[in-house]
There are 2 protein chains.
Amino acid sequence: MANIQQVAKQAGVSVATVSRVLNGQSTVTAKTRIKVEDAIKKLNYEPSLLGRNLRNSESRILLILIPKIANPFYLDIINGIETAALSQNYNILLCETDSNPERENIYFDLVRKKMADGIISMDPAVNIDTLTELAERHAIIQCSEYSEDSGIPYVTIDNEEAAYRAVKHLIKIGHENIALINTDEKYLYARQRKAGYRKALEEHNIPVNEDHIYYTQQLGFEYGQQAMKKILGSKNRPTAVFAVSDLLAIGALKEINSYGLNVPDDIAVVGFDKIDFSNMTNPTLTTIAQPMHRMGTIAAEMLIDKIKGADVESIILDYELVIRESTSG
Amino acid sequence: MANIQQVAKQAGVSVATVSRVLNGQSTVTAKTRIKVEDAIKKLNYEPSLLGRNLRNSESRILLILIPKIANPFYLDIINGIETAALSQNYNILLCETDSNPERENIYFDLVRKKMADGIISMDPAVNIDTLTELAERHAIIQCSEYSEDSGIPYVTIDNEEAAYRAVKHLIKIGHENIALINTDEKYLYARQRKAGYRKALEEHNIPVNEDHIYYTQQLGFEYGQQAMKKILGSKNRPTAVFAVSDLLAIGALKEINSYGLNVPDDIAVVGFDKIDFSNMTNPTLTTIAQPMHRMGTIAAEMLIDKIKGADVESIILDYELVIRESTSG
DNA sequence: GTGAAAGCGCTAACAA
DNA sequence: TTGTTAGCGCTTTCAC
């Protein structure tokens with residue numbers, strides 16, 4: 001496989017000139033440019049990024065940290081990141097931590113060892129101390145989930161307000177007995193969404209019944225089913241459920257159906273995220289739409305700016321309440 | 001940021017010795033090893049993979065080519081690949097082509113330019129000519145979808161037999177009027193699964209009615225809905241549907257429900273792939289389970305072997321028919 | 001057991 | 001406009 005030296009020899013020029021042609025510098029005569037291009041074609045030459053990257057001290061790789069690829073929530077964000085990255089000649093290394101610190105460390109090492117130029121962290125379970133420390137010497141952006149204290153710039157939505165809007169919608173259509181399916185409060189978004197839930201209830205003088213708040217360990221479908229099972233078995237059964245993720249809500253939906261009740265007539269359901277699948281269920285799911293694709297592109301742009309040495313500011317994006325069948329018979 | 005020179009200086013040894021310590025070579029005295037390790041710690045040194053990779057002419061990155069991240073079918077395969085890759089110190093670059101040749105070429109270039117050591121292609125729409133040409137100088141494995149002619153090793157299942165089993169199951173429980181929701185026959189798996197469908201019908205002397213074979217452009221949910229809409233409007237309405245992907249089947253499910261019919265009482269449905277969601281629908285979906293995780297690990301191992309210069313053989317894995325609610329009242 | 005030095009393939013500063 | 005050359009950070013051969 002040819003290298004730049006051989007191209008230079010073949011074209012009868014120096015390696016510097018070949019490099020200039022490769023990088024589209026305008027200081028090269030049309031004539032020599034053609035000589036070089038001919039040589040490149042003739043030798044089937046492809047410049048090695050290994051050499052270029054070492055020389056430039058960059059990898060042009062962006063590391064994306066997510067807890068689970070299987071969580072569809074990340075799909076559109078990743079798409080957004082990839083679009084923005086590619087347009088600036090970066091590639092993305094998608095890293096699933098599985099909330100496993102060991103795996104996380106493998107990926108952090110990639111940045112420490114210069115194999116990645118920066119990180120977009122979307123993992124709520126990330127070791128924030130390590131991340132903060134890493135941020136001293138490396139470019140890092142938080143996306144969706146974040147820690148304010150870390151000082152690391154983030155893109156996100158106002159989770160509390162979004163949850164507030166969701167629950168307010170349930171109240172407006174007549175519900176007063178509303179359950180909350182939440183996840184572990186060690187996650188910031190869980191605390192924020194619960195705060196929004198409380199705020200909506202309190203604003204309408206509906207007492208917050210702690211018995212109707214359920215905490216799941218994770219965001220998966222089965223956890224939604226389990227929580228709903230408990231809710232269905234509880235005394236003073238709620239007429240509506242707000243789940244902090246679509247996957248949980250879809251689990252709840254399935255459980256309500258299995259129990260022989262109807263959504264939304266017997267129990268209304270609201271989710272959060274507007275994943276693709278929220279439109280495929282029966283009934284379709286009312287949910288909060290986050291601007292995921294945009295969040296992704298912005299995160300990538302912030303990261304690339306940061307890599308270039310710019311100062312970047314955190315951004316809070318808008319969201320939308322999407323009303324569908326699960327709250328409107 | 002410290003480099004190997006500074007560590008050598010600090011430790012009072014040569015860079016060669018530092019390198020030896022870094023790579024765990026046993027020819028180093030315990031005493032010097034400790035000196036070096038102390039220096040590393042003191043300087044907070046992290047070896048640069050850029051330097052190492054250039055020197056070793058490798059990137060230790062595996063490129064995974066898929067058409068759409070949003071297709072849940074790939075999730076488990078990717079997981080399998082990642083597990084196997086990490087255990088051998090490789091990382092994966094997940095590349096979504098969107099069936100866009102331009103994007104595909106960006107990714108191919110990464111291999112040509114040494115930024116990736118090999119490719120696992122899972123994109124049915126891949127440009128097989130380019131891939132074949134690339135395979136002359138680079139390590140490539142096909143996973144799930146493949147082209148026999150290309151001569152590129154593959155891991156897959158016997159699609160024809162799997163489809164045959166699925167349709168046979170429908171026949172066994174009493175169906176004779178069975179529709180097929182297929183995708184474009186330019187894809188090998190589409191041709192194979194259709195062949196399995198035909199084989200099952202013919203074996204039971206059921207005439208194949210071309211009017212009951214529907215072709216969709218893609219594998220998405222909406223395409224399943226559309227196809228099912230046509231099926232429901234056709235004369236001599238089928239009592240069962242075999243869809244060549246779960247997403248199509250779930251679309252069909254939704255359409256049947258909206259139409260006011262019951263699954264499986266009025267129409268039975270079988271899908272293909274056993275994606276996570278196939279268990280979350282109402283009713284749950286009978287489907288063909290591919291050993292996705294295993295397929296992924298095997299593909300990764302084959303690729304790494306090939307990178308090392310070994311000869312690798314194609315492999316055909318087993319599948320399973322998973323009977324659930326959509327075919328059993 | 002350890003060191004000197006070459007070289008992986010490229011870019012850019014400097015010189016001409 | 002083009003060429004010479006140093007050097008990015010590492011590994012490895014060859015001496016000692």
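Because the structure is predicted, anything quoted here is derived from the model rather than measured. Every heavy atom of this structure was used, including side-chain atoms; hydrogens, water molecules and symmetry mates were not. So that the names make sense, note that chain A is the first sequence line, chain B the second, and so on, each numbered from 1.
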What's the closest nucleotide to the [X] side chain, out of [options]?
| X | options | result |
| --- | --- | --- |
| B:R20 | D:dC10, C:dT2, D:dT11 | C:dT2 |
| A:L22 | C:dT11, D:dT12, D:dG3 | C:dT11 |
| A:V15 | C:dT11, D:dT11, C:dT2 | C:dT11 |
| B:T32 | C:dT2, C:dG9, D:dT11 | C:dT2 |
| A:I4 | C:dG1, C:dC10, C:dA12 | C:dC10 |
| B:V28 | C:dG3, C:dG7, C:dT2 | C:dT2 |
| B:L54 | D:dT12, C:dG9, D:dT2 | C:dG9 |

Whole-Å distance between [N] [atom2] and [X] [atom1]?
| X | N | atom1 | atom2 | answer |
| --- | --- | --- | --- | --- |
| B:Q5 | D:dT11 | CD | C1' | 13 Å |
| A:R60 | C:dT11 | CZ | C1' | 14 Å |
| B:R112 | C:dG9 | CZ | P | 19 Å |
| A:Q25 | C:dC10 | CD | C1' | 13 Å |
| B:L49 | D:dC8 | CG | P | 18 Å |
| B:R55 | C:dC8 | CZ | P | 8 Å |

Side chains of B:E145 and B:Y154: do they bring a donor and an acceptor to under 3.5 Å? no
Would you check if there is a donor-acceptor pair between the side chains of B:S150 and B:Q142 at a distance under 3.5 Å?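 B:S150 and B:Q142 do have a side-chain donor-acceptor pair below 3.5 Å.
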For [X], report the nucleic acid contact type (base, sugar-phosphate, nothing); a contact means any heavy atom under 4.0 Å.
| X | result |
| --- | --- |
| A:L50 | nothing |
| B:T27 | base |
| B:S19 | base |
| B:N53 | nothing |

Is [X] close enough to [N] that one of its side-chain N or O atoms is under 4.0 Å from OP1 or OP2 there?
| X | N | answer |
| --- | --- | --- |
| A:R52 | C:dT11 | yes |
| A:S48 | C:dC8 | no |
| A:T17 | D:dG3 | yes |
| A:N23 | C:dT11 | yes |

Please walk me through it: do A:I78 and A:I92 pass side-chain contact (heavy atoms from CB on, under 4.5 Å)? CA-CA 9 Å; A:I78 294 169; A:I92 65 174; 4.1 Å; yes
On DNA chain C, does the nearest nucleotide to B:S57 precede the nearest nucleotide to B:S14 from the 5' side, or the other way round? Give the residue.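 Result of the comparison: B:S14.
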If you fit an axis to the five pairs at each end of the helix from C:dG1-D:dC16 to C:dA16-D:dT1, how big is the angle between those two axes, to 10 degrees?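 The end-segment axes of the helix from C:dG1-D:dC16 to C:dA16-D:dT1 are tilted 40° relative to each other.
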Taking side chain to side chain donor-acceptor pair (under 3.5 Å) as the cut-off, I'd like each qualifying pair that reaches into residues 130-140 of chain A, sequence neighbours left out, listed once.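 Residue pairs passing side chain to side chain donor-acceptor pair (under 3.5 Å), neighbours aside: A:N127-A:T130.
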Heavy atoms from other residues, nucleotides or ligands near CG of A:N23 exceed 12 (cutoff 6.0 Å): yes
Given salt bridge (Lys or Arg N to Asp or Glu O under 4.0 Å), test A:R112 with A:D109 step by step and report yes or no. CA-CA 5 Å; A:R112 296 194 187 101; A:D109 259 355; 2.8 Å; yes
At their closest point, which heavy atom of B:N53 faces which heavy atom of B:S59, and how far apart are they?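 Where B:N53 meets B:S59 most closely, the heavy atoms are ND2-O, 3.7 Å.
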What do the steps show when you test B:L110 against A:N91 for side-chain contact (heavy atoms from CB on, under 4.5 Å), and what is the final call? CA-CA 9 Å; B:L110 253 29; A:N91 283 97; 3.5 Å; yes
